[in-house]
Amino acid sequence: MSEQIEVAVIGAGMAGLSAARTLLDHGRDVVVFEASDGVGGRVRTDRVGGFALDRGFQVLLTAYPEAQRLLDYQALDLRPFQPGALIRTDHGFERLGDPLRRPGDLLPTLRAGVGSLADKVRVLRLRRRVRRDEVEDLWRRSPSSARTRLERAGFSTTMIERFFVPLFSGITLDPRLAGSSRTLEFVFRMLSEGDAAVPAMGMGAIGEQLAAPLGDRVHLQAPVAKVSPDRIELASGRSIGAEAVIVATDMSAAATLVGSAEHGWNGVTSVWFTTRQPPVEDPVILLDGTGRGALSNMAVMSAVSPCYAPPGRHLVVASAPGVGDHTADAIEQQLRSWFAGIDDWETLRVDRIQRAQPALPIGAVGPQSPRLPSGVWIAGDHRADPSINGAMASGRRTAEAVRREI
């Protein structure tokens, strides 16, 4: 007799863990099968010589509705970045802050040579507009490209290139701002309502927290080879029957398993350095507003949380969209030119992540059906929006649909 369970979830990333937690909370018998050696999917942290290295430069936006629903922020010991950013221009670093939350940033923000005074007023108008309606309403608005949306709002080319391009190159890995205006508006709302933050022990703590209540229901190093609506077959040959099967892998793995749509990926290169002295003391994100360098953003992670580095050392991460062969060298050269007083840049690791975020067409952004024509259920950020929030929301919605069905 073959094994039988109620719900099988394939994948222990943000979507799979959120689906499994939702089902468990409603008393369902759920088992998660994960091909890798750990939980979290693309959101993981590795300990290397006393440093906490996330897999790419990632942050959690604390205003994410799904994160607020599913995560215990206090237990994660979230460490926030300062609102706004330091932007590198031809005149050095200039602060574009959030005076509504940090009044002391008002004068530096007004003086910053990032855009005109009118541009900075337009930022306030954009902030007010994206916060006016419910979050769900942002996904119902007629989409255009993010760049077109900014141009129609009246932003100057200088403001777009010096602020929005490096900002969204880091968040959506979209340096051309060719993605959906819905995504831009959603992210901008999240940034205006909460903080960009990391758990004190690294981004991997998010997946670990989601997985903890599942206990031994999560099976690691258990790749699935074949899927049907009522059965899965592991690569080991083990066959397991189920009342429902949820495929919560990444977009490419889902396409291989069940033939779902695949729209391509945005990649990123993140380089992790250690130094004796921190390039900056503040927990702030730095953006390249010159447009002449390789990197789009950087941060001193040990300034955000001391747990990211051992005593006496500092941890720096710098990222650029894409995975070019010479990107890592170009990033190091750029940092050396920015911070000439630091001469001991030691590279700890280079992350070249080709499958960092799904590259969805403008019209495809937004929740999609949680069930495929074959009868298999599906969840993931490629079924919603490419973010931690999108993955978690897709997992929860799929689990709720499964619960109603069975």
Side-chain angles (χ1 to χ4, degrees), residues 7-24 30-47 52-61 64 66-67 69-71 76 171-173 198-199 201-214 217-224 227 232 235 245-258 260 262-268 270 351-360 370 377-399:
V7 183
V9 175
I10 304 171
M14 295 294 105
L17 292 174
S18 299
R21 280 286 303 274
T22 301
L23 290 163
L24 182 68
V30 59
V31 180
V32 181
F33 299 90
E34 167 58 40
S36 76
D37 61 355
V39 300
R42 283 166 275 147
V43 185
R44 292 182 61 178
T45 303
D46 302 308
R47 284 282 167 183
L53 307 186
D54 298 329
R55 297 193 178 180
F57 180 24
Q58 304 182 48
V59 299
L60 174 70
L61 302 186
Y64 278 156
E66 293 299 323
R69 184 195 302 263
L70 289 173
L71 298 177
L76 287 174
I171 297 174
T172 65
L173 310 182
V198 293
M201 300 303 294
M203 289 292 288
I206 296 173
E208 292 167 1
Q209 185 182 97
L210 286 172
L214 296 166
R217 295 178 178 86
V218 179
H219 295 189
L220 300 177
Q221 297 181 311
V224 173
V227 172
I232 66 171
V245 175
I246 300 175
V247 173
T249 63
D250 71 28
M251 178 171 57
S252 294
T256 299
L257 277 175
V258 293
S260 55
E262 185 172 12
H263 303 290
W265 291 88
N266 289 331
V268 67
S270 294
D351 292 333
R352 294 183 176 90
I353 307 172
Q354 293 185 336
R355 298 177 178 179
Q357 285 186 8
L360 298 183
W377 301 90
I378 188 167
D381 57 357
H382 58 287
R383 308 295 295 182
D385 67 277
S387 67
I388 291 174
N389 186 80
M392 296 173 74
S394 177
R396 175 184 59 81
R397 285 192 294 261
T398 300

What is the distance from atom CZ of Arg44 to atom CG of Asp46, rounded to the nearest 0.5 Å?
6.5 Å
If every non-hydrogen atom of Ala356 is compared with every non-hydrogen atom of Leu173, which pair is closest and at what distance?
CB-CD1, 3.4 Å
Measure across Thr45 and Gly202 and return the closest heavy-atom pair with its distance rounded to 0.1 Å.
OG1-C, 3.5 Å
One should read off an interatomic distance between Ser252 OG and His382 NE2, to the nearest 0.5 angstrom, of 9.0 Å
Quick check against the 3.5 Å criterion: does Ser394 have a side-chain atom that pairs as donor or acceptor with the backbone of Ala379?
no
Could you tell me if the side chain of Val39 sits less than 4.5 Å from the side chain of Val218, heavy atoms only?
yes
Where Gly56 and Ser270 come nearest, the two heavy atoms and their spacing:
CA-OG, 3.6 Å
Could you tell me whether the side chain of Pro370 reaches within less than 4.5 Å of the side chain of Arg397, counting heavy atoms only?
no
Should Ile378 and Ile246 be marked as a side chain to side chain contact (heavy atoms under 4.5 Å, CB included) after you check the CA-CA gap, both sets of side-chain angles, and the distance that decides it?
CA-CA 5 Å; Ile378 188 167; Ile246 300 175; over 6 Å; no
If you apply the rule side chain to side chain contact (heavy atoms under 4.5 Å, CB included), what do you find for Asn266 with Val268, and how did you get there?
CA-CA 7 Å; Asn266 289 331; Val268 67; over 6 Å; no
Going through the checks in order, is the side-chain hydrogen bond (donor to acceptor under 3.5 Å, both in side chains) test met by Ser387 and Asp385?
CA-CA 6 Å; Ser387 67; Asp385 67 277; 2.6 Å; yes
Closest heavy-atom contact between Val9 and Ala248?
CG1-CB, 4.3 Å
For residues Ile206 and Leu17, determine if any side-chain heavy atom of one lies less than 4.5 Å from a side-chain heavy atom of the other.
no
What distance separates Leu70 CG from Met392 CE, expressed to the nearest 0.5 Å?
4.5 Å
Residue pairs passing the side-chain hydrogen bond (donor to acceptor under 3.5 Å, both in side chains) test with at least one member in residues 9-24, sequence neighbours excluded, are none
Are Leu257 and Thr249 close enough that some pair of their side-chain heavy atoms sits under 4.5 Å apart?
yes
Determine, stepwise, if the pair Gln357 / Thr172 fulfils side-chain hydrogen bond (donor to acceptor under 3.5 Å, both in side chains).
CA-CA 8 Å; Gln357 285 186 8; Thr172 65; 5.6 Å; no
As an exercise, state the distance from OH of Tyr64 to CZ of Arg69, rounded to the nearest 0.5 Å.
15.5 Å
Dump the intermediate steps for side chain to side chain contact (heavy atoms under 4.5 Å, CB included) on Val31 and Val7, then the final yes or no.
CA-CA 6 Å; Val31 180; Val7 183; over 6 Å; no
Glu208: what forms a salt bridge (Lys or Arg N to Asp or Glu O under 4.0 Å) with it, not counting sequence neighbours?
none
Do Val43 and Arg55 come close enough that some side-chain heavy atom pair is under 4.5 Å?
no
Residue pair Pro199 / Met203, side-chain heavy-atom distance below 4.5 Å:
yes
Close side-chain approach of Asp37 and Leu220, heavy atoms under 4.5 Å:
no
Side chain to side chain, Trp265 and Met251, heavy atoms closer than 4.5 Å
yes
Can you name the closest pair of heavy atoms from Glu34 and Ala12 and give their distance?
OE1-N, 2.7 Å
Atom of Val59, atom of Ile388 and distance for their closest heavy-atom approach
O-CD1, 4.0 Å
Say whether Gln221 and Ser36, considering side chains only, have a donor N or O and an acceptor N or O under 3.5 Å apart.
no
Please say which of Asp381, Asp250, Asp54 ends up in a side chain to side chain donor-acceptor pair (under 3.5 Å) with Arg42.
Asp381
